[in-house]
There are 2 protein chains.
Amino acid sequence: MGAQDDDSGAPRQRDGDPDRTPPDEATAGRQGAERARARNNNGTGTVPQADAAADGPGGGSRDHTTGRWPSIRGPRTGARATSRDVARVAGVSQATVSLVMGEKWRGRVSERTAEAVRSAARSLGYRPNLAARNLRLGRARTALLVVPALTNEFFARVHTGAARVAAEHGVGVLLYPSPEGVGPARDPFASARATLDGIIASSMAADALAAIREGGLPLVMLDSDPQRAETAATVNFDVAEGMRQVTEHLLALGHRRFTHLAADVDSWTFHVRARALADALRRVPGTELHTEPAALAVADGLRAAERALTRPGARPTALICDDDILAAGACKAARRLGLRVPDDVSVTGFDDLSLATAVEPELTTVRLPAEAVGEAGMRALLAVLDDRPAAAHALPVELVVRGSTSNSPG
Amino acid sequence: MGAQDDDSGAPRQRDGDPDRTPPDEATAGRQGAERARARNNNGTGTVPQADAAADGPGGGSRDHTTGRWPSIRGPRTGARATSRDVARVAGVSQATVSLVMGEKWRGRVSERTAEAVRSAARSLGYRPNLAARNLRLGRARTALLVVPALTNEFFARVHTGAARVAAEHGVGVLLYPSPEGVGPARDPFASARATLDGIIASSMAADALAAIREGGLPLVMLDSDPQRAETAATVNFDVAEGMRQVTEHLLALGHRRFTHLAADVDSWTFHVRARALADALRRVPGTELHTEPAALAVADGLRAAERALTRPGARPTALICDDDILAAGACKAARRLGLRVPDDVSVTGFDDLSLATAVEPELTTVRLPAEAVGEAGMRALLAVLDDRPAAAHALPVELVVRGSTSNSPG
DNA sequence: GTGAAAGCGCTAACAG
DNA sequence: CTGTTAGCGCTTTCAC
């Protein structure tokens, strides 16, 4: 099988072994060169001429013909030490290094040897090669988080929570930048970019999921329909309860004419909010509810609120918004129309982003524990990956009353 | 070398080959079982008893003794096909599959064969194993982005830009959640969680870098001191020019008494701003400049502005803030003190976050193209990795005049 | 208590 | 045009 020429250690000469011209230089030439390169050659190895030659004429810019990604071959300045290097320095076998570095040595390797390995590793700046470990282990300790734009503070918080829990468990988080708006992901290979163990996805990113689901990885859904069966677990907010609380709050302040500035997103969480609002008002005679859809941006909230406040008929006294961003826009609209918030019109938000306290008046809103949902989602995924049952979650929400709501003027 | 028992394909029985009791069951037992597990065994493989036994008593919750991460062994529902499976189905060699999937087949594999491979891959739902590819290639097509909390919209935008360019080049982005505030990263191994090709870091995350720099990977710094030599490239905003423009704008409006609400962060970008402001004012006789430090949060901006506006002596007529968040806080402070913005006091921000147009009055601010810096940073890193020179950048900034500034009252 | 060996799935050189 | 082969660096048995 002719494999003996390498395992002897010859090509890895550190300072010893300067001899041993390979017995079959002629045939092993190019192959050896390739290997030396691929290895991030550790030795001083003045690479033989064969190397440059093997790269083809010029050795520089090929690849233009293939249309493949550009090379990324980079200098990789500090050639990386492998466990074999550590073994050689420590005077032990490579397996022992693996045992020690993996903290699996107790009772199998003497304390003295372990320390020798550790110090050799330290001196060489050894860090295990994750690709190799993942390959061997068949998993990557990596989870994919699929959310809409992180520029939305809410999802940035979800990420923060998920990343924290992941870090505590030695798991990495890869973000999938779910395409803005709709449509399946452009690049189906994006999901393959890393080896993944599982996926956490927001309902708002549901569109991207079709492209991602390939592979049948465990999926934890966030803030989405618990009925959907294909998921390993679902972690939700009790948004219906939140909406009920907002409504009760406004009803108690005497409001009867409401407009719902509804997020223009086809997602479970917003359907639930709309229904909870309608249900809560249906129980109270003499109430009125209109709905204005709006994209999740200040300018759109502003326009929707303008429509709501200028439509024929009695003006609503309360604008219930699906989101703080919308609510900020609504406040601006009110003031542009010469109305005061909250004296002439009350406005409520949802999420309790930092925006809620940055604007004036500060927003009465429903606080959704975004980080907590990220944490719970990651915990659920870890549980599933660990064959433990994932606890079902509906995280409690909380009405936060601030300055944007007051007694109904009418 | 006794390796022939596998390459025959026996353990991978799809529906054929139900025979072939391994010739050396007795000795290969545990090893075979281990292999079957590690492989995400494709076959129907009712795993032999030896498997359960190999796991130790109960087969369930060991690991408690070792203190290692919990298992993550998960069911991995759809056992993943390998290139060998594809090869078998397509009736070609495994190498051919690799060629075809890697789009390197032109002129080497017939169109007919290539199509056969592709259809086999499709039918098996084959996706190449990235860990294996990375291991073989010695790189991971992955860059680490080190920024402070993504909940700051500015950094979320940087990420967006970087991730977009990365995606266009088939490169993944891993986020390093630089620890809030200070101190080196808690978990030095976090950086090893993936195999990395390079690093992009914000100057505000400079603290975390010490922990990350290990490995000598190419480093691109964002918005930081171009003098620092250890970096492969630096991508900056022309923040000095931005500060000059703000100052000129306010001077033109007649302002002479300024307070700088300075970000309480020891970072190049803020030092530059402070200096540019001082320089611009020094040239104009009769101007006054105080500085109030503040953490980057609305509440801190508010407090700092309160201090600035209530300190003994003539009140400043303009508050120049290092950040829109600070500016939002400053506006709130002014109003709490019964001052109108901009009539009594002008306020300016920096960044042009969405917050700048969410508040009222909308903020006059310096727009920093955050996504562009992310894009340029990633491009620079890709260039370095590709042995191309990275173009030096100082991205242009732009003063955006809105409602928070007007003629000086005094 | 330590070492030898196999092999994870892939790529690329080379032989046919 | 296709197949054979070596081996990336690691983990884990099993033999000593």
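Because only heavy atoms are used, hydrogens play no part in the values below, and waters and symmetry mates are left out as well, while side chains stay in. Note that the coordinates shown come from a computational prediction; the quantities given were computed from them, not determined experimentally. Throughout, a chain's letter reflects where its sequence line sits, starting with A, and its residues are numbered from 1.
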Rounded distance in Å - CG (A:Asn134) to P (D:dT11): 10 Å

side-chain N/O B:Ser98 vs C:dT11 OP1/OP2, d < 4.0 Å: yes

A:Arg133 side-chain N/O to D:dT11 phosphate OP1/OP2 under 4.0 Å: yes

Separation of atom CG in A:Leu135 from atom P in C:dT11, rounded to whole Å: 12 Å

D:dG3 phosphate, OP1 or OP2, under 4.0 Å from B:Thr96 side-chain N/O: yes

Phosphate OP1/OP2 of D:dT2 contacted by B:Thr113 side-chain N/O (<4.0 Å): yes

Selected nucleotide, minimal atom distance to B:Pro128 side chain, candidates C:dG3, D:dT13, C:dC10: C:dC10

Rounded distance in Å - CZ (A:Arg84) to C1' (C:dA5): 11 Å

Option from B:Leu145, B:Leu219, B:Leu144 for which side-chain contact (heavy atoms from CB on, under 4.5 Å) with B:Ile200 holds: B:Leu145

Check: B:Arg141 main-chain N/O paired with B:Asp197 side-chain donor or acceptor under 3.5 Å: yes

Ion pair A:Arg118/A:Glu115, N-O distance below 4.0 Å: yes

Candidate nucleotides D:dG9, C:dA12, D:dT12, ranked by approach to the side chain of B:Ala95 - the nearest: C:dA12

d(CD, B:Gln94; P, C:dC14) in whole Å: 18 Å

Sugar-phosphate, base or nothing in reach of B:Ser110, heavy atoms under 4.0 Å: sugar-phosphate

B:Thr82 vs C:dG9: side-chain N/O to OP1/OP2 distance below 4.0 Å: no

Value in whole Å for how far the C1' atom of C:dG7 lies from CG of B:Asn129: 13 Å

Nearest-angstrom distance from the residue atom CG of A:Leu137 to P of D:dC8: 19 Å

Closest-nucleotide 5' rank along DNA chain C - winner of A:Ala114 and B:Ser83: A:Ala114

Of the listed nucleotides C:dT11, D:dG9, D:dG3, the one nearest the side chain of A:Ala132: D:dG9

Whole angstrom value for the distance that separates P of D:dC8 from CZ of B:Arg141: 22 Å

Nucleotide C:dC8, atom P - distance to CZ of B:Arg136 in whole Å: 16 Å

Stepwise side-chain contact (heavy atoms from CB on, under 4.5 Å) check, A:Thr82 with A:Asn129: CA-CA 8 Å; A:Thr82 74; A:Asn129 178 318; over 6 Å; no

Touch class at under 4.0 angstrom, heavy-atom based, for B:Leu99 against every strand present: nothing

Passing candidate, side-chain contact (heavy atoms from CB on, under 4.5 Å) with A:Thr142, options A:Leu196, A:Val173, A:Leu130: A:Leu196

